[in-house]
Structures are given as structure tokens and as C-alpha cells.
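First listed ligand is number 1; within each ligand, the first listed atom is number 1. Given the structure is predicted, the values throughout are model-derived calculations rather than measurements.
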Amino acid sequence: MIDITKPVPGSIASTISANAARLSEALNTHMRNSFQPESRKSLRKFHPSEVSELTGISMSNLRTRHQEGDFPDVETDSRGRRLYSAEEMDEIRHVMARTGRNGETYLPGRRQGDGLQVISIVNFKGGSSKTTTAIHLAQRYALRGYRVLALDMDPQASLTTMFGYRPELEFAEGGTIYDALRYENPLPLSTVIRKTYFHKLDLAPAGLMLSEYETETAYALQQRVDPPFTQRLAIALDEVEANYDLVIIDCPPQLGFTTMTALLASTGLLITVIPSMLDVASMAQFLEMAGETVRTLEEATGPTDWAFLKYLVARYEPMDVPQSQMSGFLRSILLDQVLTTPMLKSTAISDAGMTQQTIYELDPAQVVRKTLDRILESVNSVADEFEQTIQHAWGRETS
Ligand SMILES: Nc1ncnc2c1ncn2[C@@H]1O[C@H](COP(=O)(O)OP(=O)(O)OP(=O)(O)O)[C@@H](O)[C@H]1O
Ligand SMILES: [Mg+2]
């Protein structure tokens with residue numbers, strides 16, 4: 001009898017193990033050289049033009065109100081230009097809310113009676129830009145003045161890694177969203193949420209342990225454990241809901257119980273899609289399966305409470321003819337469900353990703369200015385368009 005758990009020397013299995021060991025060692029070296037641990041990460045400061053764009057206060061008003069002593073004193077750079085931290089930007093927003101005309105427009109978050117918006121970024125096609133979209137939206141909305149919880153529902157924990165954690169070391173023993181969802185002695189969600197170096201942005205991390213949730217849910221369903229997976233995340237979120245305006249969930253590339261748990265706690269969905277034939281075909285399959293599963297669940301638990309469903313054309317290359325045809329094809333079928341603005345493909349995103357950074361964290365001095373401006377413009381426009389969908393869900397129309 002051959003013991004399949006023990007690789008035979010010289011066999012393919014032993015080659016695979018050897019490859020794994022060599023890769024893991026090389027990756028560790030790469031991570032050591034490029035990794036920015038959470039403790040070393042910090043948020044850069046912002047120039048007046050950025051503050052104006054993020055807060056909606058005109059540059060001239062910003063200057064005047066400083067001269068009149070309404071705003072806090074901020075640091076200046078060597079050329080005498082003001083530099084603002086995210087906290088200072090927020091203080092200024094609150095001054096405007098108290099004293100400006102149409103004051104409340106400077107605070108875009110929830111108002112009395114507005115529900116928490118929980119948005120799942122989803123698609124079962126791997127590598128379709130879900131994590132990239134999730135982290136950029138989460139950071140942009142935090143900078144815009146929303147209180148944001150980034151929730152990592154993927155056992156691969158890429159989102160968690162982007163925040164400067166090494167899940168395989170730091171969360172090997174626990175401390176992830178799994179602890180708040182598990183069937184045996186679940187912990188309050190607040191005990192796993194971490195503040196981040198990004199003002200107004202918290203993280204509920206993931207780790208490999210979260211993959212247990214998939215198998216445990218199958219068993220819990222047989223045993224009729226209450227509450228079932230359809231309610232577990234919504235119940236966990238109830239505890240912290242007053243602390244946030246938005247929850248952005250990064251889903252794994254599967255349609256299992258973990259993704260379904262996220263979808264059923266969501267108020268809105270954003271499906272990222274790369275405009276290629278294979279990706280669109282795969283998404284069509286995903287939609288068919290998701291639709292079917294949700295309909296079956298709805299028969300048991302009542303209608304799903306989704307306020308919106310949007311598609312984002314991701315990693316888009318406008319000069320690529322097949323891509324632009326595919327993108328046009330998507331729009332002709334899914335109409336205004338597809339966000340008008342695509343997220344462009346850019347080396348700034350992939351380069352920044354290599355060192356767990358976003359385009360908001362990159363030091364502008366280290367990137368070709370034109371490249372950075374082009375992708376900032378693209379990502380900001382995507383976020384701003386989607387922000388209107390969120391505001392609409394709160395019954396507000398923005399220009
Ligand atoms: N707009 C973009 N321009 C350039 N590179 C991008 C862009 N969006 C994503 N990428 C790169 O593509 C790769 C996959 O992206 P990402 O991890 O966001 O996908 P994902 O859908 O979360 O993948 P998974 O299904 O494995 O979770 C990453 O290396 C990322 O840096
Ligand atoms: Mg991902």
C-alpha cells in the first residue's frame with residue numbers, strides 16, 4: 001500500500017514540496033525587503049488642492065478662513081505651502097458644518113434615520129480587482145469624511161496584508177473575522193476590529209482560519225444551529241453599526257458560504273469585471289449561480305434587502321480594442337447598472353501593490369507624475385460616481 005501523505009523521493013509530489021519550500025523562502029526574503037509593517041505605515045499629509053477636492057471647500061475659501069483664524073493652524077512645507085493631516089482635514093470639515101452655508105453638505109456620512117451601508121465587492125473570478133477596488137474605495141471614503149470599516153472576508157487575507165499585517169504570523173492564533181462568525185463561542189466583532197494608520201478607517205482582518213467557516217457552516221446547517229449563516233454577519237455588525245457609515249467587504253473568489261454570508265449582510269453589491277471574453281463568461285456563470293442560490297434562500301428567509309447592484313469595469317485599457325468592445329457589450333446589456341467610469345489599468349496600482357500600498361499612499365516623488373495623476377483621476381472618479389449611489393440609498397441626490 002502506498003502512503004499518499006508521504007511523497008516518494010524523486011516523484012512529482014516531492015518536486016511540488018521542494019518548489020513550495022523554495023518559493024516560500026524567496027517570498028519571505030522579498031517580503032522582508034519590501035514589507036511595510038502596520039507599525040511603520042503612516043498616512044501622508046495633503047496639499048491645499050487635495051484638501052479642497054476632498055472636502056468641497058474652494059481653495060480661496062480655504063485661504064480666507066485660515067486668515068480669519070477659523071481653521072486650526074497647520075504645518076507648512078519649505079515653500080510655505082500648508083500641509084494638512086487627515087485629522088486636520090476632518091476638523092476643518094466640522095468647522096464648515098457648524099458655520100458654513102449649507103453646512104451639512106461638508107459631512108457626507110449618515111444622518112438621523114440613515115442606515116449603515118454594507119457593500120460587498122464580489123465576483124468569483126480570481127484576480128478581478130476585488131481587493132484593489134475594496135481598499136481604494138475604503139481609503140478614498142475615509143478621506144472624504146466617512147467612517148469606514150474594511151472587512152476582509154477572504155481567507156487569503158490580501159486586504160489584511162495591504163494594511164501592513166502578516167496574517168500567517170499575526171493572526172495564526174485568532175483575532176480575525178472568523179472569531180466573530182464561528183459557531184462555537186463567537187466573540188463580539190468589536191474585539192477583532194483594529195484601528196489603522198488611516199484616519200477614520202478600521203479593519204476587521206482575515207486569516208487562513210476563516211476557511212474553517214466554510215466547513216463548519218455545512219455542518220451547522222445539518223445541525224440547524226441558530227443563528228444560521230444567513231444572519232451571522234448582520235448580527236455581528238449590529239454591535240458596531242453606530243460607529244460607521246460604510247462597511248466595505250472584500251469577498252473571496254468563490255461562491256461559498258463565506259461569500260453568501262457577506263452578500264446576505266449587505267445593503268448593496270459591487271461586481272468588478274475585467275472586460276475580456278473569459279472574464280465576462282465567468283461572471284455570467286457567477287450571476288446565474290448567485291441568483292439561483294439567493295432565490296432559494298429567500299424562500300426560506302424572506303426577501304434580501306439590497307438597495308443597489310452595480311458593475312465596475314476594472315483594469316481597463318482603453319487602447320485595447322477587444323476590451324473596449326467588451327466593455328461596450330456589457331454596457332449595452334447591463335445598461336446603467338455599469339458605472340460610467342471604468343477603473344483604468346495602471347502600473348502605479350500594480351507597483352504600489354508590490355509593497356502593500358495604494359495610490360493614495362504612494363509618495364508622489366517616487367512615481368512619474370503623469371502616471372499617478374492619470375490613475376488618481378480614474379480611481380477618484382469611480383469612487384465619486386459610486387458615492388452618489390450610496391448617497392442615493394440614503395435618499396440624497398448629489399450633483
Ligand atoms: N487597475 C489595475 N491596474 C493594474 N493592476 C491592477 C489593477 N487592479 C488590480 N491589479 C493587480 O491585479 C492583481 C489582482 O488584483 P486583486 O488582488 O485586486 O484581485 P482580486 O479580485 O482581489 O483577486 P482574488 O480573486 O485572488 O481575491 C494584483 O496584483 C493587483 O495589483
Ligand atoms: Mg482579493
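- Taking a cutoff of 4.0 Å between a charged side-chain nitrogen and a carboxylate oxygen, Lys370 and Asp373 do not qualify as a salt bridge.
- In this structure, the protein non-hydrogen atom closest to atom 1 (N) of ligand 1 is Leu344 O, 2.8 Å.
- In this structure, the protein non-hydrogen atom closest to atom 3 (N) of ligand 1 is Ser346 N, 2.9 Å.
- When only non-hydrogen protein atoms are considered, atom 31 (O) of ligand 1 lies nearest to Ser350 CA, 3.8 Å.
- Looking at Ser128 against ligand 1, both its backbone and its side chain come within 4.0 Å, counting heavy atoms.
- Between Leu54 and Phe46, the closest heavy-atom pair is CD1-CD2, 4.4 Å.
- Of all atoms in ligand 1, numbered sequentially from 1 with element shown, those under 4.0 Å from a heavy atom of Asp154 are 27 (O).
- Protein heavy atom closest to atom 17 (O) of ligand 1, with residue, atom name and distance, is Thr131 CB, 4.0 Å.
- In terms of protein heavy-atom proximity, atom 24 (P) of ligand 1 is nearest to Gly127 N, 3.5 Å.
- Of all protein heavy atoms, the one closest to atom 20 (P) of ligand 1 is Lys130 N, 3.4 Å.
- With salt bridges taken as basic N to acidic carboxylate O contacts below 4.0 Å, one links Asp384 and Arg140.
- No salt bridge links Glu25 with Arg22; every basic N to acidic carboxylate O contact stays at or beyond 4.0 Å.
- Geometrically, Arg331 does not engage Tyr311 in a cation-pi contact defined by less than 6.0 Å to the ring centre and at most 45° from the axis.
- For ligand 1, the atoms sitting less than 4.0 Å from at least one non-hydrogen atom of Lys345 are 1 (N), 2 (C), 3 (N), 4 (C), numbered in the order shown with element in parentheses.
- Contact atoms of ligand 1 toward Gln156: 26 (O), 27 (O) (distance under 4.0 Å to a heavy atom of the residue).
- Distances between N or O atoms of Ser129 and those of ligand 1 include at least one value under 3.5 Å.
- Remark: ligand 1 atoms within the under-4.0 Å shell around heavy atoms of Pro253 are 25 (O).
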Intermediate values then yes/no, side-chain hydrogen bond (donor to acceptor under 3.5 Å, both in side chains), Tyr141 and Asp245: CA-CA 10 Å; Tyr141 292 147; Asp245 301 306; over 6 Å; no

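- Under 4.0 Å is where a charged nitrogen must lie from a carboxylate oxygen, and between Glu170 and Arg194 no such pair does.
- Between Tyr84 and His66, the gap from one ring centroid to the other is short of 6.0 Å.
- Counting heavy atoms from C-beta outward, Leu221 and Phe257 have side chains that approach closer than 4.5 Å.
- For the pair His47/Leu83, a side-chain contact is recorded, criterion being any heavy-atom separation below 4.5 Å from C-beta on.
- Among the atoms of Thr131, an N, O or S atom falls under 2.8 Å from the Mg ion (ligand 2).
- The single protein non-hydrogen atom nearest to atom 16 (P) of ligand 1 is Thr132 OG1, 3.6 Å, given as residue, atom name and distance.
- Using a 4.0 Å cut-off to heavy atoms of Gly126, the atoms of ligand 1 that qualify are 25 (O).
- The pair Asp114-Arg396 meets the salt-bridge criterion, since a charged nitrogen lies less than 4.0 angstrom from a carboxylate oxygen.
- Atom 13 (C) of ligand 1 has its closest protein heavy atom at Arg315 NH2, 4.3 Å.
- Within the 4.0 Å cut-off (strictly below), a protein heavy atom is located near atom 7 (C) of ligand 1.
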